[in-house]
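Everything below concerns the one structure shown next.
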Amino acid sequence: MRIAFYAPLKPPDHAVPSGDRRMARLLIDAFECAGHEVELASRLRSWNGSPDPARQARLQRVGGALAERLLRRYRARPAAARPGAWLTYHLYYKAPDHIGPLVADALGIPYLVAEASVADKRANGPWALGHEATIAALDQAARVISLNPLDAKCLPHPERVRPIKPFLDPAPFRAAAKRRAAARTEMAAAQGLDTAYPWLLAVAMMRPGDKLESYRLLARTLEGLGDRDWQLLLVGDGPARAEVEAAFAWAGTDRLRTYGVAEPDRLPGIYAACDLMVWPAVNEAYGMAILEAQAAGLPVVAGYGEGLAAIVRDGETGLLTPPGDAVAFGAALRELLETPEKRRALGRAAADKVAAEHTLEAAACRLDAILAEVAAR
């Protein structure tokens, strides 16, 4: 089946790396792995970072015009070359879909959504237009593919919701884990890290809001672990970089290294070289970086969330602590710093779990079954 794919928050070929861009690309890979053909329908970003009703209305008009343009293009093709389904990835009030519902309805094809959330408190006020468009899209959706158990609880039409586990291609991470010693040597040389110390790793965009709060909580926690040997590598960049660096100013150059943005092909080696993934995960959906770290055999200490619990088994592949609790987070970190054998055991179990439950092939089978279910209607 030919699938028209649209990501209103961030197109999959956007220049800035993020977990959202990563999952969009993985969804495309999974559909193609299942034998379907995917084409990018539009690059329009309907995302609004601040409540601006005038901008939302303008984007709605632009979306409508683009839908008409797409329909002319699709109708000019032979019937067999037109999309057989439309899929919109990551739909919510800040990034509504003003294109897909119009196109799918006009062509008489199924409209599907992957990863959606609803915030009823946005039904009135400056976000009302985005909320209304999101609800209308979900009302039309034949199926809603849910990657986060927490979001699924708030969606309308629960009978149409189909869960799927977050996934990736574990092959490059397994390969990196096999050359851990070489990766560690290379990282030590490149970043000036001491191979005698455990290396802690955090991978996240540096932006205001929950990401910055996670960085700040991590900084407060590690400041209380100054009596232990460790070094921290931060991978990421963004508009809040200065605030992140200020939060870690106490650490100095002996403890802290900042890598900046890492391209996807560099990440497996970075994960494999380190000893422990650490991320407070304030209001995190599930965290692609955490799944990637586990695929490379890295144990995780993270703040609890339903999405996180879906990919990290507390006590088996990592440790989950109460959200926002710096004391509990610090105690979990201390435990794994002091017990390297447990750290390694958790890492092995993490890699096994990803290989068994979170693969591209498993996702391809699940997505193919969902499409077949819709086609049968």
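These values consider heavy atoms only, across backbone and side chains, with no hydrogens, waters or symmetry-generated copies.
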- Here the salt bridge (Lys or Arg N to Asp or Glu O under 4.0 Å) pairs for residues 61-78, sequence neighbours left out, are E39-R77
- Verify salt bridge (charged side-chain N to carboxylate O under 4.0 Å, His left out) between E335 and K342, making sure each step is shown before the conclusion. CA-CA 9 Å; E335 178 184 353; K342 179 173 183 177; 2.5 Å; yes
- Check the hydrophobic clustering (I, L, V, M, F, W, Y; side-chain heavy atoms under 4.5 Å; chains of links allowed) and say if L102 and L87 are grouped together. no
- Message: Do the side chains of D227 and R334 get close enough for a salt bridge, i.e. N-O under 4.0 angstrom?
- Response: yes
- Task: Write down the atom of A204, the atom of K211, and the distance for their closest heavy-atom approach.
- Result: CB-CD, 4.3 Å
- Could you point out which residue of L276, T317, L319, D275 forms a side chain to side chain contact (heavy atoms under 4.5 Å, CB included) with P299? L276
- Note on the structure: For P110 and A142, the nearest pair of non-hydrogen atoms, with its separation, is CB-CB, 4.5 Å
- Task: Could you tell me whether a side-chain N or O of N283 sits under 3.5 Å from a main-chain N or O of A281, the two making a donor and an acceptor?
- Result: no
- Task: Please examine the side chains of R344 and P340, heavy atoms only from C-beta on, and report whether any two atoms are closer than 4.5 Å.
- Result: yes
- Can you tell if the side chain of P264 reaches within under 4.5 Å of the side chain of R21, non-hydrogen atoms only? yes
- Task: Look only at the side chain of E115 and the backbone of L147, and say whether a donor-acceptor pair between them is shorter than 3.5 Å.
- Result: no
- Message: Regarding R179 and E186, does a basic nitrogen lie under 4.0 Å from an acidic carboxylate oxygen?
- Response: yes
- Test item: Q231 and Q191 side chains (from C-beta on) under 4.5 Å apart, heavy atoms: no
- Message: Applying side-chain contact (heavy atoms from CB on, under 4.5 Å) to Y89 and D20, what does each step give before you reach the verdict?
- Response: CA-CA 9 Å; Y89 167 65; D20 196 79; 3.4 Å; yes
- Item | Side chain R255, main chain L232, donor-acceptor under 3.5 Å | no
- Message: When you measure from the side chain of S117 to the backbone of D151, do you find a donor-acceptor pair of N or O atoms at a distance under 3.5 Å?
- Response: no
- Any donor-acceptor pair under 3.5 Å from T258 side chain to L234 backbone: no
- Linking I/L/V/M/F/W/Y whenever any side-chain heavy atoms sit under 4.5 Å apart, do L225 and F248 land together? yes
- At their closest point, which heavy atom of P8 faces which heavy atom of A95, and how far apart are they? CG-O, 3.5 Å
- Is there a chain of hydrophobic side chains (I, L, V, M, F, W, Y, each step under 4.5 Å between heavy atoms) that links Y74 to I3? no
- Message: Please tell me whether V244 and L222 are part of a single hydrophobic cluster in this structure, the criterion being side-chain heavy atoms less than 4.5 Å apart.
- Response: yes
- Please determine if R220 and E213 form a salt bridge, counting it only when a charged side-chain N lies under 4.0 Å from a carboxylate O. yes
- Student check: side-chain heavy atoms of M187 and L233 closer than 4.5 Å: yes
- Message: Between H131 and Y93 (side chain of the first, backbone of the second, donor and acceptor by atom type, cut-off under 3.5 Å), is there such a pair?
- Response: no
- Query: Which pair of heavy atoms, one from S46 and one from L59, lies closest together, and at what distance?
  - Reply: O-CD1, 3.6 Å
- Query: Are D97 and Y111 close enough, and set up right, to give a side chain to side chain donor-acceptor pair (under 3.5 Å), and what steps lead you there?
  - Reply: CA-CA 11 Å; D97 181 4; Y111 176 73; 2.7 Å; yes
- Message: Evaluate R162 against E373 for salt bridge (charged side-chain N to carboxylate O under 4.0 Å, His left out), listing each step before the verdict.
- Response: CA-CA 11 Å; R162 297 294 181 268; E373 185 182 321; 2.6 Å; yes
- Item | Residues forming a ring-ring contact (aromatic ring centres under 6.0 Å, His included) with F173, sequence neighbours excluded | none
- Tightest non-hydrogen contact, residues A332 and V301, listed as CB-CG1, 3.9 Å
- Note on the structure: d(R143 CZ, L367 CG) to nearest 0.5 Å is 13.5 Å
- Message: Can you list everything that forms a side-chain hydrogen bond (donor to acceptor under 3.5 Å, both in side chains) with H98? Sequence neighbours excluded, please.
- Response: none
- Rounded to the nearest 0.5 Å, how far does CD1 of I99 lie from CG of L44? 5.0 Å
- Could you please spell out the steps behind the side-chain contact (heavy atoms from CB on, under 4.5 Å) verdict for L336 and L346? CA-CA 10 Å; L336 294 189; L346 291 174; 3.8 Å; yes
- Note, L129 side chain near P53 side chain (heavy atom, < 4.5 Å): no
- For Y6 and L70, what are the C-alpha separation, side-chain angles and deciding distance, and is it a side-chain contact (heavy atoms from CB on, under 4.5 Å)? CA-CA 12 Å; Y6 176 48; L70 273 174; over 6 Å; no
- Query: Taking D237 for the side chain and V261 for the main chain, is one N or O donor matched with an acceptor at less than 3.5 Å?
  - Reply: no
- Message: Using a 6.0 Å cut-off, check whether atom OH of Y259 has over 12 heavy atoms from anything other than its own residue.
- Response: yes
- Side chains of M205 and V16: closer than 4.5 Å at any heavy-atom pair? yes
- Determine, step by step, whether V144 and H157 satisfy the side-chain contact (heavy atoms from CB on, under 4.5 Å) criterion, reporting the C-alpha distance in whole Å, the side-chain angles of both residues, the deciding distance to 0.1 Å, and the verdict. CA-CA 9 Å; V144 179; H157 315 293; over 6 Å; no
- Item | Pairing of E292 and R22 as salt bridge, 4.0 angstrom limit | yes
- Test item: P11 and H14 side chains (from C-beta on) under 4.5 Å apart, heavy atoms: yes
- Message: Tell me whether R266 at atom CZ has more than 12 heavy atoms from other residues, nucleotides or ligands lying less than 6.0 Å away.
- Response: no
- P12 and side chain to side chain contact (heavy atoms under 4.5 Å, CB included): which partner among R43, R25, M23? R25
- Donor-acceptor under 3.5 Å (W250 side chain, A247 main chain): yes
- Task: Please round to the nearest 0.5 Å and tell me the distance separating atom CH2 of W279 and atom CG of L200.
- Result: 13.5 Å
- Note on the structure: d(L212 CG, R216 CZ) to nearest 0.5 Å is 4.0 Å
- Quick one: pull up NE2 in H36 and CG in L371 and give me the separation to the nearest 0.5 Å. 4.5 Å
- Message: Using a strict threshold of under 4.0 Å (side-chain N to carboxylate O), is an ion pair present between D139 and R160?
- Response: no
- Message: Assigning hydrophobic clusters by single linkage (Ile, Leu, Val, Met, Phe, Trp, Tyr; side-chain heavy-atom cutoff under 4.5 Å), is L91 placed with V38?
- Response: no
- D265, CG atom: more than 12 neighbouring heavy atoms under 6.0 Å: yes
- Point-to-point distance, once rounded to the nearest 0.5 Å, from CG of L218 to CG of L333: 7.5 Å
- Message: Between R122 and A128 (side chain of the first, backbone of the second, donor and acceptor by atom type, cut-off under 3.5 Å), is there such a pair?
- Response: no
- Could you tell me which non-hydrogen atom of D229 sits nearest to which non-hydrogen atom of P198, and how far apart they are? O-CD, 3.3 Å
- Query: Are side-chain heavy atoms of F167 and L26 found at a separation under 4.5 Å?
  - Reply: yes
- Item | P280 backbone acceptor or donor facing S214 side chain under 3.5 Å | no
